Each structure stands twice: as C-alpha cells, then as structure tokens.
Amino acid sequence: MSGALDAVAGILGYGVPWWAWGLPGALAVAVLLRLFGVRAAGIAAAVLTFVLVTRRAAQRGYQRALKEGERDVSESLFAARSARDAAACRDGDARRLRDDDGFRRD
C-alpha cells in the first residue's frame, strides 16, 4: 500500500506544475479572507508562498537530475560504441588472427 501512496505522491509532487497548486491555494486564501479576516488570509498566503517555492525548487531539481541522468547515459553509450568499434577494427584484421594474447590454451 505504501508503494502506491508513494507513486501518487510522486505524481502529484512532480507531475503537477507548481503554478497549478497556486490556483486552489489562492482560492483558499480568498475564502479565509472572507471568513476569518486579513490576519488569517495573510498567514495562509505566507504558507502558500512557502509551499509553492518549495514545489518549484523540487521540480527544478528533479528535472535537473533527469537531464544529468540522460547525459550520463549518452556518455556511457558513446563509450560503449567506441569500444565496440575499436574491437571490431582490431579483430577484423585477418593478419592478427594468430597473434598471442597472453593466455595459454593447451
């Protein structure tokens, strides 16, 4: 059950844009202003601002981590392709078929 809740929290935290959280939050601040006055609305606006700033920072960090991961994968793929091409070039030379590789096969 916890895995499903973590997945939902991840989708809501990183999938929903930070500004989309501001729309219902602004509505809640307006309701608090109407029902409880300026002081309650001011506190709610401060909390909403803090939540929006932390959401945006978390989403930017998540996007940065994804880009770094993609860059690392592309570098690894490039290194693997280069090694494969070098091995194919080296092993494709028919004159080197009988070269000693340092291992005994008796």
Side-chain angles (χ1 to χ4, degrees):
M1 186 67 143
S2 177
L5 293 177
D6 288 340
V8 170
I11 290 170
L12 290 177
Y14 299 109
V16 178
W18 65 272
W19 51 265
W21 290 101
L23 299 175
L27 181 63
V29 169
V31 168
L32 286 175
L33 178 65
R34 180 77 175 152
L35 294 178
F36 298 107
V38 175
R39 184 173 178 177
I43 293 170
V47 170
L48 176 64
T49 302
F50 177 75
V51 168
L52 290 178
V53 166
T54 56
R55 276 294 88 218
R56 181 167 187 212
Q59 287 176 355
R60 291 178 84 188
Y62 182 71
Q63 292 297 327
R64 187 176 299 128
L66 286 178
K67 287 180 184 177
E68 287 176 1
E70 289 174 1
R71 187 185 70 232
D72 291 344
V73 166
S74 66
E75 288 174 1
S76 297
L77 287 174
F78 178 75
R81 286 184 186 123
S82 297
R84 184 189 62 209
D85 292 344
C89 182
R90 182 188 68 234
D91 295 341
D93 188 5
R95 293 173 289 169
R96 299 190 60 199
L97 286 176
R98 299 269 182 204
D99 286 353
D100 184 19
D101 60 1
F103 294 99
R104 291 188 55 161
R105 295 178 188 88
D106 292 330

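Worth saying up front: this structure is predicted, and the values here are computed from it rather than measured.
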Those residues at least two apart in sequence (or on a different chain) that pass ring-ring contact (aromatic ring centres under 6.0 Å, His included) with F36 are none

What residues form a salt bridge (charged side-chain N to carboxylate O under 4.0 Å, His left out) with E75, not counting sequence neighbours? R71

What residues form a side chain to side chain contact (heavy atoms under 4.5 Å, CB included) with [X], not counting sequence neighbours?
X   : value
Q59 : Y14, W18
A87 : R90, D91
V16 : L12, A20, W21

Test L52 against every option in L48, T54, T49 by the side chain to side chain contact (heavy atoms under 4.5 Å, CB included) rule and name the one that passes. L48

Can you list, by chain and residue number, the hydrophobic cluster partners of L77 when the side-chain cut-off is 4.5 Å? V73

My understanding is that a hydrophobic cluster links ILVMFWY residues whose side chain heavy atoms are under 4.5 Å apart, including indirect links. Using that, what else belongs to the cluster containing V38? L33

Write out all pairs satisfying ring-ring contact (aromatic ring centres under 6.0 Å, His included) with one or both partners inside residues 69-90, taking only residues at least two apart or from two chains. none

So which heavy atom on L32 is nearest to which on A40, and how close? CD1-O, 4.3 Å

Please list all pairs passing the salt bridge (charged side-chain N to carboxylate O under 4.0 Å, His left out) test where one or both residues lie in residues 54-70, with sequence neighbours left out. none

